[in-house]
Amino acid sequence: MGKKILISLGIIVLIVILFIAGVNALGYHIFSRTDCELFNIDNIELHTGINIPAIVDSDCKSDGKIKEASFTIDTSKVDLKAYSLRNNFTCKDSVYLNEWETDKAKWVATLNQKSGILKIKMEYKD
């Protein structure tokens, strides 16, 4: 009886470890992508920390080193003023700007509150 419990606990622990390893591998895969195909929004959110809200349209171009993406935010669902505050945009010359550089990428995000267009330019580092 004790042996069955021990084996069952071992199997449960193994399943949990495999699940955590799989989630970490998926996160690394998403973070490492430089194209505009699968997981584009997730990749941008992981690198920039900016939440991409509900959108009505998007466009993206990438050569593997530089990614330029634009998103038309659904302003019927998203309050752009609150969104810009939550995502640390600062107003410079009537354009809302958020930029940063890490050891993995350098990025600049601009938000036009009149049109609801969010543009992100990301330069990936080797």
Side-chain angles (χ1 to χ4, degrees):
M1 178 88 152
K3 189 175 182 180
K4 287 183 182 180
I5 292 174
L6 190 59
I7 291 173
S8 297
L9 284 175
I11 290 172
I12 290 171
V13 167
L14 181 63
I15 289 171
V16 168
I17 290 171
L18 289 174
F19 176 77
I20 292 171
V23 168
N24 283 337
L26 178 62
Y28 179 77
H29 175 71
I30 292 169
F31 187 81
S32 299
R33 294 188 71 96
T34 59
D35 61 5
C36 292
E37 300 302 320
L38 293 174
F39 307 114
N40 182 43
I41 290 177
D42 298 315
N43 173 271
I44 291 170
E45 289 177 335
L46 286 172
H47 278 281
T48 65
I50 296 173
N51 178 46
I52 309 296
I55 60 172
V56 293
D57 192 24
S58 68
D59 185 41
C60 182
K61 292 175 181 55
S62 176
D63 65 4
K65 294 281 186 190
I66 297 174
K67 180 189 287 189
E68 294 185 61
S70 72
F71 304 95
T72 304
I73 297 173
D74 186 350
T75 55
S76 70
K77 296 180 181 176
V78 179
D79 176 3
L80 291 180
K81 208 168 254 316
Y83 173 79
S84 62
L85 289 172
R86 272 194 318 275
N87 288 282
N88 301 317
F89 282 88
T90 56
C91 187
K92 291 185 180 178
D93 301 324
S94 74
V95 173
Y96 286 80
L97 181 70
N98 187 340
E99 58 187 331
W100 197 255
E101 184 170 359
T102 67
D103 59 331
K104 302 287 183 191
K106 176 182 178 180
W107 53 269
V108 176
T110 57
L111 174 64
N112 183 321
Q113 289 204 354
K114 290 180 182 170
S115 66
I117 295 177
L118 171 65
K119 291 184 179 182
I120 298 174
K121 180 177 181 182
M122 188 175 317
E123 297 177 33
Y124 294 99
K125 298 179 181 177
D126 292 330

Query raised in the report: What residues form a salt bridge (charged side-chain N to carboxylate O under 4.0 Å, His left out) with Lys125, not counting sequence neighbours?
Result: Glu101
Report task. Measure the CD1-NZ distance between Ile66 and Lys106 for me, rounded to the nearest 0.5 Å. Result -> 10.0 Å
Query raised in the report: When Lys67 is tested against each of Thr34, Asn43, Asp35 for side chain to side chain donor-acceptor pair (under 3.5 Å), which residue passes?
Result: Asn43
Requested in this report: Could you go through the side-chain contact (heavy atoms from CB on, under 4.5 Å) check for Lys81 and Gln113 one step at a time?
Outcome: CA-CA 8 Å; Lys81 208 168 254 316; Gln113 289 204 354; 4.1 Å; yes
Query raised in the report: Does a side-chain heavy-atom distance below 4.5 Å link Leu46 with Phe39?
Result: no
Query raised in the report: Going from OG on Ser62 to CG on Asn40, what distance comes out if it is rounded to the nearest 0.5 angstrom?
Result: 8.5 Å
Query raised in the report: How many angstroms lie between atom OG1 of Thr90 and atom CG of Leu111, to the nearest 0.5 angstrom?
Result: 11.0 Å
Query raised in the report: What distance do Leu97 atom CG and Thr110 atom OG1 have between them, rounded to the nearest 0.5 Å?
Result: 7.5 Å
Requested in this report: For Lys65, enumerate each residue passing the salt bridge (charged side-chain N to carboxylate O under 4.0 Å, His left out) test, keeping only those at least two apart in sequence or located in another chain.
Outcome: Asp126
Query raised in the report: For Asp42, what residues pass the salt bridge (charged side-chain N to carboxylate O under 4.0 Å, His left out) criterion, not counting sequence neighbours?
Result: none
Report summary line: Looking only at heavy atoms, the pair that brings Asn51 and Tyr83 closest together is O-OH, 2.5 Å
Query raised in the report: Do Trp100 and Ile52 sit in the same hydrophobic cluster, where Ile, Leu, Val, Met, Phe, Trp and Tyr count as joined when their side-chain heavy atoms come under 4.5 Å apart?
Result: yes
Query - Counterpart residues, ring pair (Phe, Tyr, Trp, His ring centres under 6.0 Å), relative to Tyr124 (two or more places apart) - result: His47
Report summary line: Here the pair of heavy atoms bringing Ala109 nearest to Phe89 is O-CE2, 3.7 Å
Requested in this report: Could you tell me the separation between the CD1 atom of Ile7 and the CG atom of Leu14, rounded to the nearest 0.5 Å?
Outcome: 13.0 Å
Query raised in the report: Which atom names give the shortest non-hydrogen contact between Glu45 and Ile50, and what distance separates them?
Result: CG-O, 3.2 Å
Report task. Could you please spell out the steps behind the side-chain contact (heavy atoms from CB on, under 4.5 Å) verdict for Thr72 and Ile117? Result -> CA-CA 5 Å; Thr72 304; Ile117 295 177; 4.1 Å; yes
Report task. Taking salt bridge (charged side-chain N to carboxylate O under 4.0 Å, His left out) as the test, write out the residues that go with Asp59, two or more places apart. Result -> Lys61
Report summary line: What one should report as the nearest heavy-atom pair of Gly49 and Asn87 is O-OD1, 4.1 Å
Query raised in the report: Atom CD1 in Ile73, atom CG in Leu118: separation rounded to 0.5 Å?
Result: 5.0 Å
Can you give me every donor-acceptor pair (side chain of residues 17-31, partner residue at least two apart or in another chain, under 3.5 Å) with its distance?
unit_1	atom_1	unit_2	atom_2	d
His29	NE2	Arg33	NH1	3.3

Query raised in the report: Ile41, Val108: one ILVMFWY side-chain cluster at the under-4.5 Å cut-off?
Result: no
**Report entry** Side-chain heavy-atom pair Ile44, Trp107 within 4.5 angstrom cut-off
**Finding:** no
